[in-house]
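To keep things clear, I will list the structure first and then write my remarks on it.
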Amino acid sequence: MADGLDVIVLDDDPGISRILKELIESFYSWGKVVAFSDAEKAIQWCLKREVGLGIFVVDVFLNGTSGFYFLESIEPKFPSAHQDAIVISGKASDDVVDMCLASRVTYLLEKPVRPYALQLAVRAITAKYLDFAQKLLRDPELADSIRMLHPNRTC
């Protein structure tokens with residue numbers, strides 16, 4: 001996590017995107033929070049990133065596309081995008097739940113998003129990476145074995 005673990009917010013309503021960004025910024029300190037209301041711009045931004053880790057807060061239905069399309073589009077760069085996503089929906093129907101389950105998304109929140117639910121979901125994903133980073137710091141052999149997988153990178 002070179003610069004931190006960033007949170008990427010994507011909702012086609014610019015007002016909701018901005019509100020979610022501000023809400024997350026009020027409790028999140030492990031990286032930047034970036035908000036988009038255009039899926040293609042968000043995809044381009046993500047694919048240009050050096051680090052392929054992030055937390056994604058994504059609306060299910062985006063203007064002419066879906067949050068699942070966004071996650072699939074960035075998956076080559078962010079292999080754990082689906083597991084690191086929080087999907088939000090105006091109405092969490094059975095179809096939306098089924099799409100989340102099929103895509104390996106485990107966090108689904110309904111609008112209006114309750115601040116505590118969003119905070120808990122973001123922190124749960126963050127904790128996964130913080131716990132792993134602590135394991136690397138405590139276990140030099142594990143860090144070395146991971147470094148061997150990517151010999152041109154430093155851990």
Between Val33 and Tyr28, does the side chain to side chain contact (heavy atoms under 4.5 Å, CB included) criterion hold? Intermediate values first, please. CA-CA 8 Å; Val33 182; Tyr28 191 75; 4.2 Å; yes
Quick check: does any side chain N or O of Arg123 sit under 3.5 Å from a backbone N or O of Phe27, one acting as donor and the other as acceptor? yes
Kindly work out whether a path of hydrophobic side-chain contacts (I/L/V/M/F/W/Y, heavy atoms less than 4.5 Å apart) joins Leu10 to Val113. no
Enumerate donor-acceptor pairs with a distance under 3.5 Å from any side-chain N or O in residues 79-89 to protein atoms, sequence neighbours excluded.
| residue | atom | partner | partner atom | Å |
| --- | --- | --- | --- | --- |
| Ser80 | OG | Asp84 | OD2 | 2.8 |
| Ser80 | OG | Tyr129 | OH | 3.1 |
| His82 | ND1 | Glu75 | OE2 | 3.4 |
| Asp84 | OD1 | Lys128 | NZ | 2.5 |
| Asp84 | OD2 | Tyr129 | OH | 2.5 |
| Ser89 | OG | Lys91 | N | 3.2 |
| Ser89 | OG | Lys91 | O | 2.8 |

Residue Arg104 excluded, over 12 heavy atoms near CZ under 6.0 Å: yes
Verify side chain to side chain contact (heavy atoms under 4.5 Å, CB included) between Val96 and Leu108, making sure each step is shown before the conclusion. CA-CA 9 Å; Val96 171; Leu108 173 62; 3.9 Å; yes
Can you confirm whether more than 12 heavy atoms, excluding those of Asp94, are under 6.0 Å from its CG atom? no
Quick check for you: to the nearest 0.5 Å, what is the distance between Leu23 atom CG and Lys21 atom NZ? 12.0 Å
ILVMFWY network linking Val34 to Val58, side-chain heavy atoms under 4.5 angstrom: yes
Ser17 side-chain N/O to Asp13 backbone N/O, donor-acceptor pair under 3.5 Å: no
Can you tell me how far apart OG (Ser73) and CD1 (Ile43) are? Round to the nearest 0.5 Å. 3.5 Å
Are Leu101 and Met99 joined in one hydrophobic group, where the rule is that I, L, V, M, F, W and Y side chains link up if heavy atoms are under 4.5 Å apart? yes
Kindly indicate, with the supporting measurements, whether the criterion side chain to side chain contact (heavy atoms under 4.5 Å, CB included) is fulfilled by Phe36 and Ile8. CA-CA 8 Å; Phe36 296 92; Ile8 297 88; 4.0 Å; yes
For the hydrophobic clusters of this structure (ILVMFWY residues joined by side-chain heavy atoms under 4.5 Å, transitively), does one cluster hold both Trp30 and Val57? yes
Reported OH-to-CD1 distance for the pair Tyr107 and Ile55, which is rounded to 0.5 angstrom: 9.5 Å
Kindly determine whether Ile74 and Phe56 satisfy side chain to side chain contact (heavy atoms under 4.5 Å, CB included), including the steps that lead there. CA-CA 11 Å; Ile74 64 167; Phe56 304 93; 3.4 Å; yes
Do the side chains of Asp59 and Asp12 get nearer than 4.5 Å, heavy atoms only? yes
In residues 60-71, what donor-acceptor pairs under 3.5 Å come from side-chain atoms, sequence neighbours left out?
| residue | atom | partner | partner atom | Å |
| --- | --- | --- | --- | --- |
| Ser66 | OG | Phe68 | N | 3.3 |
| Ser66 | OG | Tyr69 | N | 3.1 |

Same cluster or not: are Leu47 and Val9 linked, directly or through other Ile, Leu, Val, Met, Phe, Trp or Tyr residues, by side-chain heavy atoms under 4.5 angstrom apart? no
Salt bridge flag under 4.0 Å for residues Lys111 and Asp11: yes
Identify the two heavy atoms, one from Cys46 and one from Lys77, that lie closest to each other, and give their separation to 0.1 Å. O-CG, 3.9 Å
